[in-house]
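Comments concern the structure below.
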Amino acid sequence: MPNSSKVYISQLKDSVGQVVTLSGWLYNSRASGKIQFLIIRDGTGLCQCIVEKGKVPDELFEQLKHLGRESSLTVTGTVRQEARSVGGFEMALTDAKVVSPAADYPITPKSHGVDFLLKNRHLHLRSQRQWCIGKIRHTVIDAIRRFFNDNGFILIDTPILTSMVGEDKQTLFEVDYFGSPLYLTQTGQLHVESAAMSFGKVYCFGPTFRAEKSKTRRHLTEFWMVEPEVAFIDLDGLLELAENFVSFIADQVLQNNRGELETLGADLEALEKIKPPFYRLTYADAGDILAGEKAKKFLADQLEDLKKQKQQIENRIAELEEEQKGQIKQWKRDKNATELIELRSELNEVETRIENNPKHAKLAAEFEWGKDLGGSDETIISQMHDKPIFVTHYPKEAKAFYMKTDRDNEKVVLNFDLLAPAGFGEIIGGSVREDDYDLLAARITEFGLKVEDYSWYLDLRKYGSVPHGGFGLGVERTVAWLTGERHIRQCIPFPRMMDRVYI
RNA sequence: UCCCCGAUAGCUCAACUGGUAGAGCGAGCGGCUGUUAACCGCUAGGUUGUAGGUUCGAGUCCUACUCGGGGAGCCA
């Protein structure tokens with residue numbers, strides 16, 4: 001290569017008019033006789049490269065014409081502004097060197113099923129959608145650390161191997177630790193509480209493990225969670241912290257990843273709305289909504305809507321199928337076939353929702369004070385709002401032993417869940433912790449746990465106990481919500497699901 | 001643990017009430033000087049998840065199993 005400077009695609013705007021060199025992979029290519037369009041990705045973005053016959057050696061022209069997707073290569077050319085090109089810039093090639101040719105790359109620019117993509121996860125990470133999500137996940141994690149670091153919180157690394165049972169032993173992964181059982185942590189909370197008594201404001205951030213047998217789009221067995229814990233704070237203080245925190249994350253993503261959000265088709269307008277204050281409901285309020293006319297009407301309207309949608313899709317399918325039977329041009333026939341495939345998959349989804357709607361309505365109508373809110377209940381509440389919703393003061397019996405009883409109403413605890421709007425559901429769970437030694441010891445016993453096993457945890461209530469609390473935010477759920485990705489398994493590079501680990 | 005749905009070409013999907021498997025994409029070859037998941041022509045590509053059953057005949061019906069998807073419970 002001649003003396004051209006090496007640049008990244010993200011910096012092309014500073015190189016207009018100059019001859020530069022890019023290194024990357026062939027994302028896609030189109031040939032049109034004497035001109036070729038190569039889309040190259042280098043990790044920072046996409047760039048269209050123009051290869052004109054006569055401007056490069058004939059041999060190279062032919063080589064590039066037959067180069068497979070995801071071949072690695074280095075290209076040199078002149079950068080120019082070009083509105084028609086992805087990213088707004090393109091490169092007129094004068095030279096290129098294939099580093100390593102690739103053939104038969106399994107992932108094509110057309111649609112693929114989830115199973116296929118997960119089996120090819122190591123390659124799928126290269127595709128646009130995963131790349132955008134990965135960049136946003138990076139911003140989310142960076143925002144999480146920055147928010148706490150800039151607000152006087154100290155990072156505490158809690159153990160991954162633990163003997164403590166935070167919530168329920170059945171949902172823990174057991175590990176053989178030199179002959180005796182130990183568990184993969186499902187929360188750093190208990191440990192982080194002790195650190196809060198030293199530093200005041202702390203947080204832990206790491207992977208967490210749940211052996212829940214949940215096969216849904218919002219579950220992973222291994223996921224990342226950040227858990228702040230603050231001494232001398234009450235429920236209102238926690239809610240305020242949580243809404244500022246979540247708003248900051250959303251704002252950072254909007255500032256740094258607008259392009260990625262657009263590529264993903266995220267709802268930017270909805271994201272702009274994520275600003276304090278969030279909605280505040282008590283568990284009792286939520287119950288009234290669920291069991292009342294409002295939710296009933298909401299779900300009935302939704303069902304009507306879905307049925308209308310279904311009818312429309314079916315009509316269109318019938319129309320197209322009729323057309324396919326007649327005498328039509330081949331290209332029209334192919335186009336219809338593509339549309340039919342899309343419509344059928346849409347229809348499938350709408351039908352599932354129609355099927356689930358009455359079930360969810362029934363569960364909501366059967367709301368009974370004392371039970372925890374179900375996943376579908378949270379979805380309904382979430383769908384009824386356009387901003388995140390706090391649900392507070394759950395019944396004591398539905399929640400963990402460490403949550404502080406409301407001194408004004410002994411039946412409920414000072415806890416909260418934060419539900420993301422538009423049907424995404426829970427992204428945060430948190431509470432004020434029981435800080436009274438005797439009450440906590442009694443709760444431990446009530447839960448069938450041994451007080452001896454929690455002696456160090458109880459010590460925190462023995463030596464200078466203070467009101468304190470915290471919460472846990474799920475990174476993947478947050479990323480899924482912000483990006484509009486329907487399944488959280490797309491929001492972690494290498495997802496672990498129940499009975500299912502690919503690479 | 002329970003409920004619903006599915007498995008057909010490398011991928012995404014068709015095949016009306018049982019009649020002998022077809023598109024698009026991808027791959028290969030050719031055409032086209034501005035393409036945007038380009039387009040056009042040709043070629044190759046299948047023991048219809050496995051095992052059994054009903055039938056003159058099974059991708060289609062029945063049974064069991066395997067694998068996958070969605071949801072409930074539980075949760076971030």
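Sequence lines set the chain letters: A, B, ... in the order given, protein chains first and strands last, and positions in each chain run from 1.
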Using atom names, set out every protein N or O paired with an N or O of nucleotides 2-5 of chain B below 3.5 Å, distance rounded to 0.1 Å.
unit_1, atom_1, unit_2, atom_2, d
B:C4, O2', A:Glu355, OE2, 2.9

Sort me out a list of protein N/O and nucleotides 6-10 of chain B N/O pairs below 3.5 Å, or just none if empty.
none

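Pairing of B:U63, defined by two Watson-Crick or G-U wobble distances under 3.5 Å, is identified with B:A51.
A:Ala31 comes within 4.0 angstrom of a base, heavy atoms only. Residue contacts shown for A:Arg80 include a base, since a base heavy atom lies under 4.0 Å away. At a threshold of 4.0 angstrom between heavy atoms, the contacts of A:Ser376 are confined to the sugar-phosphate backbone, with no base atom among them. In this structure, A:Glu82 reaches the bases: a heavy-atom distance under 4.0 Å links it to at least one base atom across the strands shown. At a threshold of 4.0 angstrom between heavy atoms, the contacts of A:Arg353 with the nucleic acid are absent. Residue-level contact check: A:Ser32 touches the bases, meaning some heavy atom is under 4.0 Å from a base atom. Counting any heavy atom pair closer than 4.0 Å across all strands shown, A:Glu90 reaches a base atom. At a threshold of 4.0 angstrom between heavy atoms, the contacts of A:Gln36 with the nucleic acid are absent. Nucleic acid contact class of A:Arg217 (heavy atoms, under 4.0 Å, all strands): sugar-phosphate only.
Between the side chain of A:Arg486 and the base of B:G71, no donor-acceptor pair of N or O atoms lies under 3.5 Å. No hydrogens or angles were tested; on distance alone, a donor-acceptor pair under 3.5 Å links the side chain of A:His219 to the base of B:C75.
At least one test fails for A:Lys387 against the ring of A:Phe278: distance under 6.0 Å to the centre or angle within 45° of the axis.
Of the options A:Glu378, A:Gln302, A:His360, a side chain to side chain donor-acceptor pair (under 3.5 Å) to A:Gln383 is made by A:Gln302 and by none of the others.
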